[in-house]
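No experiment lies behind these values; they were computed from the predicted model shown. Sequence lines set the chain letters: A, B, ... in the order given, protein chains first and strands last, and positions in each chain run from 1.
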There are 2 protein chains.
Amino acid sequence: MASRSRRPERRQEPLSRERIVGAAVELLDTVGERGLTFRALAERLATGPGAIYWHITGKAELLGAATDAVVTAAVTAGPTGAADSPQDAVRAVALGLWDATEAHPWLATQLATQLSRTPWGTVAPRIFESLGRQVQAMGVPEAHWFTASSALMHYILGAAGQNAANSASAGPVGADVDRDEFLDTVSTAWEGLDPDAYPFTRAVADQVRGHDDREQFLAGITLVLTGITALHRPGR
Amino acid sequence: MASRSRRPERRQEPLSRERIVGAAVELLDTVGERGLTFRALAERLATGPGAIYWHITGKAELLGAATDAVVTAAVTAGPTGAADSPQDAVRAVALGLWDATEAHPWLATQLATQLSRTPWGTVAPRIFESLGRQVQAMGVPEAHWFTASSALMHYILGAAGQNAANSASAGPVGADVDRDEFLDTVSTAWEGLDPDAYPFTRAVADQVRGHDDREQFLAGITLVLTGITALHRPGR
DNA sequence: ACCTGAACACCGTTCAAGT
DNA sequence: ACCTGAACACCGTTCAAGT
């Protein structure tokens, strides 16, 4: 690397919704939700705060668009290869979202915010659709499609959300040591709870130590899939 | 009232963490998350913004405490009567949280935020504990306690979160007409989606119209409970 | 110990003015 | 049509000063 090109950034490609959202995601990833301000975003885009409003109506839309971009990538990507079964396809979608919340710790909170906003954006339908198709493929009777797909979606979003906490505090993905340390901290904290008020949580505390989050998450998916199969007895 | 006490409210009971959190919940309920400011809170408590900091470290703790207060009430209350079965007890806990998100539309977002914050507050363990005890009572083998309880918690939080949107936009609880109108809007919106990209969601759109959210939520609980029973074959 | 309220360092958003 | 950047109306938080 001869020239230490501080930033050859071709700065003058014009502003666009797409560039703005891309920069917003980068900012969220690097400096977190509190770091995403219109001033910081404008600086990164070499413009003024006002310019952004020509392309985006406000911060709510900006966060919505950033969430949508990341979710779309997560749900679309996945192991493109054909899954062996609808069940495996559900697992692929689920893991895509799981990994996304690990790569983008701000995603969990944003998902909750987006979903509890009306009118729904494109985020909820996107996830719902990719799960629902597999439910359909599993042979679940039509009357139960909605219930089964919703249950899957809610479990996935809940679990992925909780995971974001761990990832955020356990450092970057792959830092296994930190992660083990973190689980150890949780486990120890739980063991320190009031024995009268939290007997169950204390009893389970030890299982948390050294467990594999990802596997635990998949075990939950299997549990819901089992419920769908057992309850709706898809014919085949 | 000879003396000009413009406000008969016994204003001089001293400030306390409890009073502050109570006022915060009221403010969240009436003017929403954006309306909860230290200035508004101070006015309601007939004091200055600075005074609050003597009892609470900052806004994050304030929101956490408000969430904890509401969740504790929801999980503790419930139909105190003995449930017929552990399954029914799970349903009671679930409905308690469901109703809480309906009464406090801000709760869904806050739950996600609290859960994805480290260290966990008291909110997650409280919910986890009340569900876990029932899992235990169902006879699930100890090795699966964590998986089963987590799955229940994640489903409940995900579903309750989504519901908050509907409640918030459908107006106060009990406004059945508005709610039906809202579901009709969702259904129509889904039917308008791109047929190529959203075939499943479109196919299901009609089921949404006129369905009972609460029953749908309980159907999901039953689904997860069925999965737990089928997969872990509790001995009995 | 507890409260007051002005002051600080920010925000999101708007809008006249430029090109 | 698109961008600029100063200005407005707020925020959360701090802290000297009071009681």
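Looking at DNA chain C, the stems built from 3 or more consecutive Watson-Crick or G-U wobble pairs, each pair with its key distances under 3.5 Å, are C:4-8 with D:12-16, C:12-16 with D:4-8.
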Query raised in the report: Stepwise, does the side-chain contact (heavy atoms from CB on, under 4.5 Å) test hold for Glu26(A) with Arg44(A)?
Result: CA-CA 10 Å; Glu26(A) 279 177 38; Arg44(A) 204 182 185 92; 2.9 Å; yes

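When heavy atoms are screened at a 4.0 angstrom cut-off, Leu41(A) is found touching no nucleic acid atom at all. Within the 4.0 angstrom heavy-atom criterion, no nucleotide atom of any strand lies near Leu62(B).
Ring geometry for His211(B) versus Phe146(A): interplanar angle over 60°, hence perpendicular rather than tilted (30 to 60°).
If you check dT13(C), dC3(C), dC8(C) against the side chain of Arg39(B), the one that comes closest is dC8(C).
Summary of the strand contacts: Arg34(A) and Ile52(A) both lie near DNA chain D, and taking for each the nucleotide with the nearest heavy atom, the more 5' one is attributed to Ile52(A).
Atom CD of Glu18(A) has 12 or fewer neighbouring heavy atoms from other residues, nucleotides or ligands inside a 6.0 Å radius.
Counted by atom type alone, Asp29(A) and Trp106(A) present one or more donor-acceptor pairs between their side chains at under 3.5 Å. Side-chain atoms of Gln216(A) and Thr147(B) form a donor-acceptor pair, as typed in the model, at a separation below 3.5 Å.
Taking a cutoff of 4.0 Å between a charged side-chain nitrogen and a carboxylate oxygen, Arg17(A) and Glu61(A) qualify as a salt bridge.
The shortest distance between the side-chain N/O atoms of Trp54(B) and the OP1/OP2 oxygens of dC3(C) is not below 4.0 Å.
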